[in-house]
Amino acid sequence: MKLYDDQLIVVTGGAGFIGSGVIRYLNSLGMTNIIVVDELGCTEKWQNLVGKRFVDVLDKSQLFEWLKGREGAIEAFIHLGACSATTETDASYLLENNYRYTQRLAEYALKNGQRFIYASSAATFGNGEKGFSDDHDCLESLQPLNMYGYSKHLFDLWVKDQGLLDRVVGLKYYNVFGPNEAHKGRMASALTHILPVIQKDGVARLFKSSEPERFGDGDQRRDFIYVKDVARMTCAFLTNDATGIFNIGSGIAATWNELVTALFKAVNIPVRIEYIPMPADLIGKYQNYSCADMSKTKRVLKSEIKCMPLEESVKDYVCNYLLPGKKW
């Protein structure tokens with residue numbers, strides 16, 4: 001696929017964490033033919049758009065009306081907009097916002113021959129008992145641990161059931177961290193919450209293991225990936241012909257102890273870690289392990305999957321964004 005200057009890229013969730021990173025990356029390639037779709041409300045998400053170049057900003061409620069008569073003006077959709085709170089319990093809201101809205105947008109894009117790239121999630125894999133393969137044959141066996149993951153899983157299943165896996169791109173994002181996530185509050189990466197405590201008390205507090213027979217305290221493992229790498233990989237799917245569902249991770253399972261040690265090193269403070277009980281609303285819904293199988297993604301993106309090492313990415317995030325209070 002070749003992107004033309006007079007055709008538009010619609011980025012939903014464009015003022016959000018990953019979405020604003022995608023727009024930053026597109027701008028770095030000289031692309032400004034972007035329509036940003038989001039739900040800004042009274043939040044501070046608008047700050048993520050400062051300094052970025054695009055054509056217009058729409059509220060998500062305006063999008064389908066705006067699309068009327070513009071069928072030939074759009075080259076692609078990067079659909080990242082969703083409620084990403086793993087603690088959200090309103091199933092009806094998640095079904096409408098994350099599942100049905102995505103269905104409707106996909107149907108529009110496919111009807112008009114437009115590239116449709118959407119965000120799935122590693123939360124669809126649940127506790128990992130079924131592995132972390134993005135093989136389409138494994139989809140039905142996955143068992144998400146929370147309603148957010150299930151809302152994403154439902155759309156993956158719908159795509160497969162409708163025979164659309166060869167017409168769309170779904171990206172299963174793993175544990176993304178980096179600049180422009182402050183507005184997410186409790187759902188922002190742990191680094192944003194731990195850094196102020198380290199600065200104040202000289203200690204990092206991590207959750208005790210909920211599965212001590214499998215993991216020691218702080219030795220729970222996640223596939224942490226920097227948002228700059230995620231933005232680059234996501235945009236790579238605009239210029240290839242790949243279709244299907246793909247993992248977007250580092251392919252490395254690092255421990256929370258390793259992540260926090262990198263944080264201490266970034267601020268030049270001696271490592272001191274304490275372990276605290278896990279909040280009740282996370283017990284049974286918390287992934288103690290995740291690691292993306294990147295073999296399929298590597299075949300498509302090749303060198304584009306190379307990620308910044310964890311220690312280096314944590315240092316970049318802390319020193320260039322968190323401490324000076326800057327956006328990307």
Side-chain angles (χ1 to χ4, degrees), residues 16-18 20-21 43-45 47-48 84-87 122-123 146 173-230 249-291 307-328:
F17 174 33
I18 297 175
S20 61
T43 71
E44 299 298 316
K45 281 196 293 185
Q47 295 179 2
N48 289 340
S84 59
T86 57
T87 55
N146 52 62
Y173 296 121
Y174 280 67
N175 286 87
V176 188
F177 68 93
N180 301 8
E181 63 172 328
H183 67 277
K184 292 171 66 69
R186 187 185 181 191
M187 290 297 110
S189 73
L191 294 175
T192 65
H193 304 291
I194 295 173
L195 178 60
V197 180
I198 288 177
Q199 291 175 302
K200 180 177 180 288
D201 301 331
V203 61
R205 297 181 177 93
L206 298 176
F207 295 147
K208 291 181 179 179
S209 175
S210 60
E211 296 181 273
E213 68 281 2
R214 294 181 63 200
F215 305 98
D217 292 340
D219 286 331
Q220 307 99 313
R221 292 177 176 268
R222 292 284 188 89
D223 190 324
F224 300 106
I225 181 169
Y226 200 29
V227 69
K228 292 184 179 182
D229 293 316
V230 167
S250 68
I252 299 171
T255 69
W256 285 99
N257 287 328
E258 290 170 337
L259 179 74
V260 169
T261 297
L263 179 55
F264 275 107
K265 188 171 182 179
V267 293
N268 198 28
I269 294 176
V271 177
R272 182 181 162 208
I273 304 174
E274 296 176 354
Y275 303 98
I276 61 175
M278 183 176 293
D281 64 341
L282 292 182
I283 295 174
K285 300 179 181 180
Y286 184 87
Q287 281 183 320
N288 282 317
Y289 182 88
S290 67
C291 185
C307 293
M308 190 183 297
L310 183 62
E311 185 174 306
E312 184 180 340
S313 57
V314 169
K315 182 177 180 180
D316 182 64
Y317 182 25
V318 171
C319 297
N320 294 323
Y321 301 99
L322 281 181
L323 291 179
K326 292 183 177 179
K327 299 288 186 178
W328 177 44

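No experiment lies behind these values; they were computed from the predicted model shown. Index from 1, following the sequence.
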Checklist line | Summary of side chain to side chain donor-acceptor pair (under 3.5 Å) pairs that have at least one residue in residues 316-325, sequence neighbours excluded | finding: E181-Y317, Y226-D316, K228-D316, K228-Y321, D316-N320

Without swapping roles, check the side chain of [X] against the backbone of [Y] for a donor-acceptor pair under 3.5 Å.
{"X": "R222", "Y": "Q287", "answer": "yes"}
{"X": "N180", "Y": "W328", "answer": "yes"}
{"X": "Q220", "Y": "G218", "answer": "yes"}

Which atom of [X] lies closest to which atom of [Y], heavy atoms considered:
{"X": "T192", "Y": "S189", "answer": "OG1-O, 2.8 Å"}
{"X": "S290", "Y": "N175", "answer": "OG-OD1, 3.5 Å"}
{"X": "C291", "Y": "G251", "answer": "SG-O, 3.5 Å"}
{"X": "L259", "Y": "L191", "answer": "CG-CD2, 3.9 Å"}
{"X": "V197", "Y": "V203", "answer": "CG1-O, 3.3 Å"}

Margin query: Between I194 and F264, does the side chain to side chain contact (heavy atoms under 4.5 Å, CB included) criterion hold? Intermediate values first, please.
Written below: CA-CA 10 Å; I194 295 173; F264 275 107; over 6 Å; no

Next item on the list: Would you indicate whether K327, at its atom NZ, is surrounded by more than 12 heavy atoms from other residues, nucleotides or ligands within a distance under 6.0 Å?
Entry: yes

Next item on the list: Using only heavy-atom distances, determine whether the side chains of D229 and S250 contain a donor-acceptor pair under 3.5 Å.
Entry: no

Item checked: Residues which pass salt bridge (Lys or Arg N to Asp or Glu O under 4.0 Å) with E311, listed by chain and number, not counting sequence neighbours -> K265

Checklist line | Candidate pair F177 and L310, rule side chain to side chain contact (heavy atoms under 4.5 Å, CB included), full reasoning | finding: CA-CA 11 Å; F177 68 93; L310 183 62; 4.1 Å; yes

Note to self: For the OG1 atom of T255 and the CG atom of D217, what is their distance to the nearest 0.5 Å?
What the structure shows: 12.0 Å

Notebook entry, point to check: Under the side chain to side chain contact (heavy atoms under 4.5 Å, CB included) criterion, do D219 and S209 qualify, and how do the steps go?
Noted result: CA-CA 8 Å; D219 286 331; S209 175; over 6 Å; no

